[in-house]
Amino acid sequence: GAVYDWRRQVTSHSPEYQRWTQWIFLRFLEAGLAYRRNAPVNWCPGCQTVLANEQVLADGTCERSGDLVQKRDLEQWFLKITDYADQLLDDLDGLDWPERVKTMQRNWIGRSEGAEFDMVVTDADGTPRSDGASIRVFTTRPDTSFGMTYAVMAPEHPLVATIVTDDRRSDVEAFVAVAAKQSDVERMAADGGLDKSGCFTGAYVRNPFTGSPVPLYLADYVLMGYGTGAIMAVPAEDQRDWDFATVHGLPIVRTIQPPEGWEGEAYTGDGVHINSGFLDGLGKAESIAAAIAFLEGEGIGEGKVNYRLRDWLVSRQRFWGCPIPVVYCPTDGIVAVPDDQLPVLAPDDVEFLPTGESPLRHHDDFLHTTCPVCGGPATRETDTMDTFVDSSWYFLRYCEPWNDSAPVSAEAAESWMPVDQYIGGVEHAILHLMYARFFTKALADLGVAPKELREPFSRLFTQGMIRLGGDKMSKSKGNLVAPEAILDTDGADALRLAHLFVGPPQDDVDWEGVGIEGCSRFLHRLWRLSCGEVGEGPVDREPTEADAAVDAATHRLIARVTEDYERWSYNTAVAAFMEHTNELYRYAQAPERPRRETLAESVDALLLLAAPMAPHVTAELWERRHGNHVHEQSWPVADPAKLVVDTVTMVVQVNGKVRDRIEVPAGVDAAEAERIALASEKVQAHLGGNPPRKVIARPPQLVNLVAG
RNA sequence: GCCCGGGUGGCGGAACUGGUAGACGCAGGGGGCUUAAACCCCCCAGCCCCUCCGGGGGCGUGUGGGUUCGACUCCCACCCCGGGCACCA
């Protein structure tokens, strides 16, 4: 019952689509947004391929296979998403997206402002090394530099071998070897605790603020992948440094006066600087600015912004996926496949055995080619692209899938984009939704998409997942319930209604909670009602009070369901259908029989309102009743006059407890409401015959009497 | 540890702005229809207690406090569940 415009069907593995995915890759390559580099990458032993950071879960496992991800040094292709870190962060503010998703993206991008500067490597008495070695550090707190009592490098830091002193070399090498063997997960298992392992290098660095040397350590709490892979350590104002200093017996010097009564260890808050030379007396913000100005003045550093976000590793050692359209030539190096030779298609006679290398590497006809530049023998790139590349621009292709001279024309993209309402699961919060935003911005800047198109999806709704036995139901997990059997027994409409009725669409639900029976019964009742199979049949007459009541209920239904649709509250809309159907059943079966016109109008309203949710049944019933198509009718509109009620059930409370319910005219005033409330015997019994001390009247719904 | 969600009957959930807690449905109980069963139709139903069988009373939205005439809803503290981030300098 879903409706699609099949002219706009897009198939991401088709030659047509791959042509444009590769074309975009080449534009990225030209613009420096795609590059190849050797780097430690995530390797999934189960999938036998590398993964992007975004595809590794918090526990270090693969989001697809669940295997523990390993680190490998490999030459791979990356997309330079970090060029867009600031835009990706700032433009979140203008999006009508769930805060949760925006927060996740902000955390993932992880922007932090600070400073980077060089420190000269020295010996213990502060004499610089003859090779002039220095190390660069990043800090968000340059204002605390006077409190630096030591410095730390990551064990993988490239300068470790050159700065280590001879007497420390064997210890350092042993420490580095242990760190190298540990996976990231093992390395983090210490969980920020006190057992901070480290190793002195024998070298010192000169603190440019004090001019004094401080010892240089290796420690695995400093990561090569963030900042410069080296830090200045200020134990007094950083808890990790505090822990390390405590374990290794290093001095701690406070440079910010903690507040009165401070009993904690490292103090990271704001305060007056002490022991800090030219920063003494200043607060945090002004000290940071002054410290950066000092570094710039000395010519040894500057203000710097760092991100947690890494470039997107897009190479995959898989057969499926779009081939990366480059050729390696012994003379010309990395050469782009010319546009007019796209798409580069994978052959289909390939051995799929997972060897850890792309299957395409073992296909000689594919592998061996000629260089587009010199015409000499060359080999093709055999890795393919992450399938998330395909999904990063498909929405642009929807705008104009028949375009054969570009992925999309600016005109078509201008006309359709951005997507007004996007719907997907939260599991894409920092995968697809981040990649698609990056692609949109990059393609706009490259002139492929309109320049003004900064964001692909204006509004986002994150629907919940269907779980089965605790796990999310998904294609890759294979724990699916096939709908065919339900289509045979209950029908597509009952299945659709059951999904809508089970709860709010943003919530996860367990499949066990999806009850088809109630929805199936409801549709059968709607059927019998619409076909006149309930009661003795209608009669013609002037409207009675009972008829008018049903008429009013019909209009209340229209108003209520219309509002429910607008606020995405489909479960309550279905409940309203059921409630109204139950009421019409009683009406149709009453001894005085229903009024023909009243019943017909009410059933019609029900069919029109339910049509989007139960398209097949309502279409059939509507055609039987009217001979035309329910989906071509206009939406019913509630008559405001019929929404006005004459009487209301007024609740009377004594001391906040409900003691009586009385029918009162809707327009009753406070004085009259109070009089009616006090006239109630039940209320009088609870007041014990005494007058109330206080009366709160909220006519017409409620009167609360406070006993004396 | 930090940041988001969430916790309501046996179950899924409703209560939209502080004003009748538990709509609607499932499962359950009673009655009708039927030779019988299923289907279908009607009714009951938060928990506990009392009842002269008309009804009456108390308790109740994770826990403990608070604000208010009145709290599922607002505030404070805590517990539990789910998710995200996490030695990011």
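Being a predicted model, the structure only gives us computed values, none of them experimental. Quick note: numbers below take in every heavy atom, side chains included, and nothing from hydrogens, waters or symmetry partners.
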Inset, instruction - Select base, sugar-phosphate, or nothing to describe what F522(A) touches, counting heavy atoms under 4.0 Å on all strands. - result: nothing

Inset, instruction - Report yes if a side-chain nitrogen or oxygen of R525(A) is closer than 4.0 Å to either non-bridging phosphate oxygen (OP1 or OP2) of rC41(B); otherwise report no. - result: yes

Inset, instruction - Quick one: do Y150(A) and F244(A) satisfy ring pair (Phe, Tyr, Trp, His ring centres under 6.0 Å)? Show the steps, please. - result: CA-CA 10 Å; Y150(A) 66 102; F244(A) 189 88; 5.3 Å; yes

Inset, instruction - Check whether any side-chain heavy atom of M104(A) sits under 4.5 Å from a side-chain heavy atom of N107(A), and report yes or no. - result: no

Inset, instruction - Return no unless some side-chain N or O of N582(A) is found under 4.0 Å from OP1 or OP2 of rC42(B). - result: no

Inset, instruction - Tell me which nucleotide among rA89(B), rG25(B), rA21(B) gets nearest to the side chain of D238(A). - result: rA89(B)

Inset, instruction - If the glycosidic angle is within 90 degrees of 0 it's syn, otherwise anti, so just tell me which one rG54(B) is. - result: syn

Inset, instruction - Using whole Å, report how far CD of E99(A) lies from C1' of rC85(B). - result: 16 Å

Inset, instruction - Take atom CD1 of I109(A) and atom P of rG84(B), then tell me their distance rounded to the nearest Å. - result: 18 Å

Inset, instruction - Verify the contact: side-chain N or O of S112(A) to OP1 or OP2 of rA89(B), cut-off strictly under 4.0 Å; return yes or no. - result: yes

Inset, instruction - Can you tell me the distance, in whole Å, between the CG atom of L433(A) and the P atom of rG84(B)? - result: 15 Å

Legend entry - Side-chain N or O of R100(A) closer than 4.0 Å to phosphate OP1/OP2 of rC85(B): no

Inset, instruction - Looking only at side-chain atoms of F501(A), point me to the closest of rA15(B), rG19(B), rG12(B). - result: rG12(B)

Legend entry - Selected nucleotide, minimal atom distance to L223(A) side chain, candidates rG84(B), rA89(B), rG25(B): rA89(B)

Inset, instruction - Looking at every strand, decide which applies to R661(A) at a 4.0 Å heavy-atom threshold: base, sugar-phosphate, or nothing. - result: base

Inset, instruction - Determine the interatomic distance between C1' on rC49(B) and the same-named atom on rG60(B); round to the nearest Å. - result: 14 Å

Legend entry - Candidates rC69(B), rC16(B), rA89(B) - which lies nearest the side chain of R567(A): rC16(B)

Inset, instruction - Using a 4.0 Å heavy-atom cut-off across all strands, classify Q589(A) as base, sugar-phosphate, or nothing. - result: sugar-phosphate

Legend entry - Nucleotide-level pairing of RNA chain B, given in dot-bracket where Watson-Crick and G-U pairs need both distances under 3.5 Å and | marks other strands: (((((((..(((......[....))).(((((.......))))).(((((....)))))..(((((..]....))))))))))))....

Legend entry - Phosphate OP1/OP2 of rC39(B) contacted by R521(A) side-chain N/O (<4.0 Å): no

Legend entry - Whole angstrom value for the distance that separates C1' of rG13(B) from CG of D507(A): 10 Å

Legend entry - 4.5 Å side-chain heavy-atom contact, L678(A) and P692(A): yes

Legend entry - Any R528(A) side-chain N or O less than 4.0 Å from OP1/OP2 of rC41(B): yes

Legend entry - Out of rC69(B), rA14(B), rC26(B), whichever nucleotide has its closest atom nearest the side chain of E517(A): rC26(B)

Legend entry - Sidechain-backbone polar pair: K304(A) side chain, G227(A) backbone, donor-acceptor under 3.5 Å: no

Legend entry - Residue T572(A), side-chain atoms from C-beta onward, closest of rA14(B), rC24(B), rC16(B): rA14(B)

Legend entry - Euclidean distance for C1', rA37(B) against rG54(B) (whole angstrom): 39 Å

Legend entry - Summary of protein contacts for nucleotides 44-59 of chain B, nucleotide by nucleotide, where a base hit scores B, a sugar-phosphate-only hit scores S (4.0 Å, heavy atoms): ------------SSSS

Inset, instruction - Identify whether any heavy atom of N704(A) sits under 4.0 Å from a base atom; if not, whether one sits that close to sugar-phosphate; answer base, sugar-phosphate or nothing. - result: base

Inset, instruction - Check whether any side-chain heavy atom of E237(A) lies under 4.5 Å from a side-chain heavy atom of I256(A), and answer yes or no. - result: yes

Inset, instruction - Let me know the distance between CG of L584(A) and P of rC42(B), rounded to the nearest Å. - result: 12 Å

Inset, instruction - Remember a base hit wins even if backbone is also touched, and classify E579(A) as base, sugar-phosphate or nothing at under 4.0 Å, heavy atoms. - result: sugar-phosphate

Inset, instruction - Report yes if a donor N or O on one partner sits less than 3.5 Å from an acceptor N or O on the other, where the partners are the side chain of R698(A) and the base of rG19(B); otherwise report no. - result: yes

Inset, instruction - Determine: side-chain N/O of N306(A) to OP1/OP2 of rA89(B), distance under 4.0 Å, yes or no. - result: no

Legend entry - C1' spacing across the pair rA15(B) / rU73(B), given as an integer number of angstrom: 10 Å

Legend entry - Test side chain to side chain contact (heavy atoms under 4.5 Å, CB included) applied to E663(A) and D646(A), I676(A), T649(A), the passing residue: T649(A)

Inset, instruction - Can you tell me the distance, in whole Å, between the NZ atom of K102(A) and the P atom of rG83(B)? - result: 24 Å

Inset, instruction - Output yes when R593(A) and E536(A) qualify as a salt bridge under the 4.0 Å nitrogen-oxygen rule, no when they do not. - result: no

Legend entry - Options rG13(B), rG84(B), rC41(B), nucleotide nearest the side-chain atoms of I430(A): rG84(B)

Legend entry - Among rC69(B), rG13(B), rA89(B), the one nearest F138(A) by side-chain distance: rA89(B)

Inset, instruction - Just compare rA89(B), rG19(B), rG25(B) and give me whichever is closest to any side-chain atom of M578(A). - result: rG25(B)

Inset, instruction - Look at Y221(A) and rA89(B) and indicate whether a side-chain polar atom (N or O) is within less than 4.0 Å of OP1 or OP2. - result: no

Inset, instruction - Fit a plane to each ring of H428(A) and F388(A), take the angle between them on a 0 to 90° scale, and name the class: parallel (under 30°), tilted (30 to 60°) or perpendicular (over 60°). - result: perpendicular

